[in-house]
Engineer: 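Pasting a structure below so you can have a look.
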Amino acid sequence: MNRSLVIVTAAAALGLAACTSTPPTAAPTSSSTTPASTVTSVVTQTMTSQPAPPAKPVIGSFGYGDLKLGMTLQQALDAKLIAPDLATNPDADCSNHEIIGTGQRTWVSKKVGVASISFTPVMTSDGVGIGATEEKLKAEYTNLEPTGPNYSWVAEADDNPAAKFIFGVSQEKKVVAAILSLKAQDCHN
């Protein structure tokens with residue numbers, strides 16, 4: 001019985017000590033800051049931090065980022081990289097769309113989908129496009145073949161036998177046209 005009394009007395013003493021001791025002190029707060037506003041501040045600050053920007057799209061053998069050759073018009077619009085048709089002629093076989101934020105265009109065929117995509121050096125990983133020098137073009141595209149009558153050079157697209165790169169070069173040796181195109185496109189020459 002004594003042993004039980006000692007245990008009960010010790011437990012009571014510890015409980016009393018816990019109730020009468022001073023709680024840990026918190027950092028002083030102003031009278032206008034309450035725990036709820038502190039939580040709101042922390043959550044707001046965390047939620048408003050900007051996420052990392054998405055990877056910059058680049059031209060490749062299959063398209064420009066999520067915009068791929070052969071996509072239907074709806075798929076191309078859903079990629080959120082092109083604007084609505086510039087000509088707004090529903091009877092045309094092809095529609096012409098601005099590639100958002102680039103100043104360039106894509107043509108979409110009712111028959112074959114995204115038919116071609118024009119591009120500038122900032123849209124590429126190799127620095128070739130409209131405005132680049134012919135010297136830079138030849139250094140990056142070692143498989144160039146002369147073509148005509150409207151363009152200067154054509155190159156097969158790596159790993160995509162359905163596509164080609166087409167380049168026009170001015171007398172000043174500057175690239176004035178740079179297009180990734182389906183070989184079987186029906187929108188332009």
Side-chain angles (χ1 to χ4, degrees), residues 50-189:
Q50 295 296 321
K56 176 184 164 258
V58 294
I59 282 288
S61 295
F62 294 89
Y64 176 66
D66 289 338
L67 180 64
K68 305 294 184 195
L69 292 174
M71 281 182 152
T72 66
L73 175 58
Q74 190 57 57
Q75 289 170 328
L77 290 167
D78 289 347
K80 305 221 183 292
L81 289 173
I82 66 169
D85 186 5
L86 294 169
T88 63
N89 180 357
D91 297 327
D93 290 334
C94 295
S95 54
N96 187 356
H97 304 262
E98 178 185 355
I99 301 170
I100 297 170
T102 67
Q104 296 305 301
R105 307 271 188 255
T106 186
W107 291 262
V108 182
S109 163
K110 288 181 179 177
K111 181 178 170 187
V112 300
V114 174
S116 60
I117 302 167
S118 65
F119 59 95
T120 64
V122 298
M123 296 170 67
T124 70
S125 61
D126 59 18
V128 173
I130 297 169
T133 65
E134 185 176 36
E135 180 182 1
K136 175 72 172 172
L137 170 66
K138 288 180 176 179
E140 295 297 331
Y141 288 82
T142 58
N143 62 341
L144 286 171
E145 296 289 333
T147 191
N150 298 320
Y151 299 101
S152 308
W153 302 101
V154 64
E156 297 293 317
D158 294 337
D159 302 318
N160 186 356
K164 61 185 175 182
F165 289 96
I166 304 167
F167 300 96
V169 177
S170 70
Q171 290 179 349
E172 293 79 27
K173 305 294 183 192
K174 290 283 190 178
V175 176
V176 294
I179 302 167
L180 171 64
S181 178
L182 285 174
K183 290 177 180 177
Q185 63 88 12
D186 59 346
C187 291
H188 53 81
N189 55 8

Engineer: Is it true that the side chains of Glu135 and Thr133 contain a donor and an acceptor less than 3.5 Å apart?
Structural biologist: no
Engineer: Crowded around Asn150 CG? As in, over 12 foreign heavy atoms under 6.0 Å?
Structural biologist: yes
Engineer: Is there a side-chain contact between Leu144 and Lys138 (heavy atoms, below 4.5 Å)?
Structural biologist: yes
Engineer: Between Ala155 and Asn143, which heavy-atom pair has the shortest distance, and what is it?
Structural biologist: CB-OD1, 3.3 Å
Engineer: Check the surroundings of atom NZ in Lys173: do more than 12 heavy atoms from other residues, nucleotides or ligands lie under 6.0 Å from it?
Structural biologist: no
Engineer: Do Asp93 and Ser109 come close enough that some side-chain heavy atom pair is under 4.5 Å?
Structural biologist: no
Engineer: Starting at CD of Glu98, measure out to CD1 of Ile82 and round the result to the nearest 0.5 Å.
Structural biologist: 10.5 Å
Engineer: The test is side-chain contact (heavy atoms from CB on, under 4.5 Å); show your working for Lys183 and Glu156 and say whether it passes.
Structural biologist: CA-CA 10 Å; Lys183 290 177 180 177; Glu156 297 293 317; 2.5 Å; yes
Engineer: Please determine whether a side-chain nitrogen of the Lys or Arg among Glu145 and Lys164 lies less than 4.0 Å from a carboxylate oxygen of the Asp or Glu.
Structural biologist: no
Engineer: State whether a side-chain donor-acceptor pair under 3.5 Å links Gln185 with Ser116.
Structural biologist: no
Engineer: Once side-chain hydrogen bond (donor to acceptor under 3.5 Å, both in side chains) is applied, what residue pairs with a partner in residues 70-80 remain, sequence neighbours excluded?
Structural biologist: Thr72-Gln75, Gln74-Asp78
Engineer: Of the non-hydrogen atoms in Leu180 and Gly63, which two are nearest, and what is the gap between them?
Structural biologist: CD2-N, 3.5 Å
Engineer: Side-chain contact, heavy-atom cut-off 4.5 Å: Ile166 with Trp153?
Structural biologist: no
Engineer: Does the Asn96 side chain pair with the main chain of Leu86, one donor and one acceptor, at a distance under 3.5 Å?
Structural biologist: no
Engineer: Can you name the one residue among Ile59, Val154, Ile179 that meets side-chain contact (heavy atoms from CB on, under 4.5 Å) with Phe165?
Structural biologist: Ile59
Engineer: Taking atom NZ of Lys110 and atom SG of Cys187, what is their separation to the nearest 0.5 Å?
Structural biologist: 11.0 Å
Engineer: Report yes if the side chains of Tyr64 and Pro57 come closer than 4.5 Å at any heavy-atom pair, otherwise no.
Structural biologist: yes
Engineer: Does any N or O in the side chain of His97 come within less than 3.5 Å of the main-chain N or O of Thr106, such that one atom is a donor and the other an acceptor?
Structural biologist: no
Engineer: Atom CG of residue position Asp66 - does it have more than 12 heavy atoms of other residues, nucleotides or ligands inside 6.0 Å?
Structural biologist: no
Engineer: After noting the C-alpha distance and the side-chain angles of Val176 and Val169, does the key distance pass the side-chain contact (heavy atoms from CB on, under 4.5 Å) rule?
Structural biologist: CA-CA 5 Å; Val176 294; Val169 177; 5.9 Å; no
Engineer: Quick one: CD1 on Ile117 to CD1 on Ile99, what's the gap to the nearest 0.5 Å?
Structural biologist: 6.0 Å
Engineer: Grab the two heavy atoms, one from Lys56 and one from Thr124, that are nearest each other, plus how far apart they are.
Structural biologist: NZ-O, 4.1 Å
Engineer: Looking at every heavy atom in both Leu137 and Val128, which two are closest together, and how far apart are they?
Structural biologist: CD1-CG1, 3.7 Å
Engineer: If I compare all heavy atoms of Gly70 with all of Leu182, which pair ends up nearest, and what's the gap?
Structural biologist: N-CD1, 4.0 Å
Engineer: If you measure from SG on Cys94 to NZ on Lys111, what distance do you get to the nearest 0.5 Å?
Structural biologist: 10.0 Å
Engineer: Should Leu81 and Ile100 count as side-chain neighbours, where that means a heavy-atom distance under 4.5 Å?
Structural biologist: no
Engineer: Indicate yes or no: at least one non-hydrogen side-chain atom of Thr102 is less than 4.5 angstrom from one of Thr120.
Structural biologist: no
Engineer: Do Trp107 and Ser181 have side chains that get closer than 4.5 Å, going by heavy atoms?
Structural biologist: no
Engineer: Kindly give the heavy-atom pair with the smallest separation between Gly127 and Ala132, and that separation in Å.
Structural biologist: O-CB, 3.8 Å
Engineer: Examine distances only and state if a side-chain atom of Ser170 and a backbone atom of Lys174 form a donor-acceptor pair shorter than 3.5 Å.
Structural biologist: yes
Engineer: Any side-chain heavy atom of Ile130 sitting closer than 4.5 Å to one from Gln104?
Structural biologist: yes
